[in-house]
Amino acid sequence: MRKAIARLLLYPCVFVLSSIVIAGWPSCAASAQFAQLAATPPMGWNSWNHFAEKVTDADVRAAADAMVASGMRDAGYVYVNVDDTWEGERDAQGNIHSNSKFPDMKALADYVHSKGLKFGIYSSPGPKTCAGFEGSYGHEEQDAQTYADWGVDFLKYDLCGLRTIMDLYDPAQNPRKASAIMRDAYAKMHRALVKTGRPIVYSICQYGVDSVWEWGEDVGGNLWRTTDDISDSYRSMALIGFSQAGLERYTKPGHWNDPDMLEVGNGGMNADQYRTQMSLWAMLAAPLLAGNDLSKMDDSTRSILMNKEVIAVDQDRLGAQGYRLGPPQVWARNLADGAKAVAVFNFVTDDVPQPVTVRLKDLGFSEPVHARDLWTHKDVGLIRDSYTVTPPEGGVVMLRLWK
Ligand code: GLA
């Protein structure tokens, strides 16, 4: 019931339509556009994992250029997202301006759009962002309108600074009050984004606090981070990725669990381990936001980020997140055409590669299936009963199975 009321408040259009009040039409049109946002997990690039606080306007333009030149745009990567540290001061009217690293945000958004790409930005519901820059607290509608005026298509809204406000209520003593402040802050920015009339993908970033997957949709999130920050190590990536088991019931088109951005190409893992991240994220129906320097990609990085068969699994229109079949790490994902993706991982780094047998009956197939290896790009032939693979250390074998 509480969920239904929350939805009613967030989507007045539904209520308006059922009351047949014609005056409500403009907001209905906006909500209809929002409903189509992120129908598949968003794909693109974000500045944080590689550039962090050093990112500049020139880096973002170079990323947009490389996204087109490398073929990434045509493979589905469309969002070019500036993370934290673009923010400057507010003027006397309270309008936010970018800092000297970003001389003209509107011009940057126009440049990104001119390449057939979409433009994303970052803020916090708190007074300050994680990196200590200006947040949106108390300026939500004003900032949303500024973003819309600049041509922003994606907002990552990162909790950090709001904790100073939540702490005023001593979360240890008043956990519900602190949580309510957080949820209200996320819902508030969602309403502000809707009010602009511009479809802006809303990316909630609060590291999974209070099981955000249970309420992220109610506060308007198209995606919500489920964990703390990823780093460019196999340990970090694997801990985050494999811990997503069980969250599959919270994902559906328009609303995605977000296990954080890709590290592929940043140098801290080998190619097998990066193939593991790409495969696991595709099995999880996770947003695919590359986090490397796109202007300096080697062939291995390109081939991993642009594996179209793996991307097709990630972007499958059914939007059903994969689930763990069982030990050691065999994952399966139902696809729209009745096929299934299956990924067999060699999870532990110091493990010797071992054969793993996947039985068709465990996957729900009662008859033989065709199989294709999505990394070697070869048909494997007909599987009658079971199939045994030996993923390399830290690596994966990923298959598509169909009747
Ligand atoms: C948090 C987020 C990161 C990044 C930084 C920026 O740590 O989780 O993804 O946005 O803030 O300061």
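All heavy atoms count here, side chains included; hydrogens, waters and symmetry mates do not. Not measured: the values here are computed from a predicted model. All ligand and atom numbering here is 1-based and tracks the order in the structure. Numbers here are sequence positions counted from 1.
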Quiz prompt | Check: D229 N/O within less than 3.5 Å of ligand 1 N/O | solution = yes
Self-check item: K115 and D65 ion-paired at < 4.0 Å
Solution: yes
Quiz item: Which heavy atom of the protein is the closest neighbour of atom 10 (O) of ligand 1, given with residue, atom name and distance?
Solution: D83 OD1, 2.6 Å
Quiz prompt | Within 6.0 Å of CD in E53, more than 12 heavy atoms from elsewhere | solution = yes
Quiz item: Salt bridge between D74 and K308, side-chain N to carboxylate O under 4.0 Å?
Solution: no
Self-check item: Proximal ligand 1 atoms for C130, defined as those under 4.0 Å from one of its heavy atoms
Solution: 1 (C), 11 (O), 12 (O)
Quiz item: For atom 2 (C) of ligand 1, what's the nearest protein heavy atom and its distance?
Solution: D158 OD2, 3.1 Å
Practice problem: Look only at the side chain of S114 and the backbone of Y111, and say whether a donor-acceptor pair between them is shorter than 3.5 Å. | Solution: yes
Practice problem: Distance to 0.1 Å, residue and atom name: give those for the protein heavy atom nearest to atom 12 (O) of ligand 1. | Solution: D84 OD2, 2.8 Å
Quiz item: Is the closest N or O pair between W48 and ligand 1 shorter than 3.5 Å?
Solution: no
Practice problem: Just let me know how A52 lines up against ligand 1, side chain, backbone, both or neither, with a heavy-atom cut-off below 4.0 Å. | Solution: neither
Practice problem: For the residue pair T129 and S124, confirm or rule out a side-chain donor-acceptor distance under 3.5 Å. | Solution: no
Self-check item: Contact atoms of ligand 1, heavy-atom distance to K156 under 4.0 Å
Solution: 3 (C), 4 (C), 9 (O), 10 (O)
Quiz item: So does E248 pair up with R333, basic N to acidic O under 4.0 Å?
Solution: no
Exercise. Could you tell me whether the side chain of Y202 and the main chain of L193 form a donor-acceptor pair under 3.5 Å?
Key: no
Quiz item: Is it the side chain (CB and beyond), the backbone, both or neither of E53 that lies under 4.0 Å from ligand 1, heavy atoms counted?
Solution: neither
Quiz prompt | Check ion pair D83-K156 (N to O, under 4.0 angstrom) | solution = yes
Quiz item: Does at least one non-hydrogen atom of T129 fall below 4.0 angstrom from an atom of ligand 1?
Solution: no
Practice problem: For Y122, take its heavy atoms, then give the atoms of ligand 1 lying under 4.0 Å from any of them. | Solution: 6 (C), 10 (O), 11 (O), 12 (O)
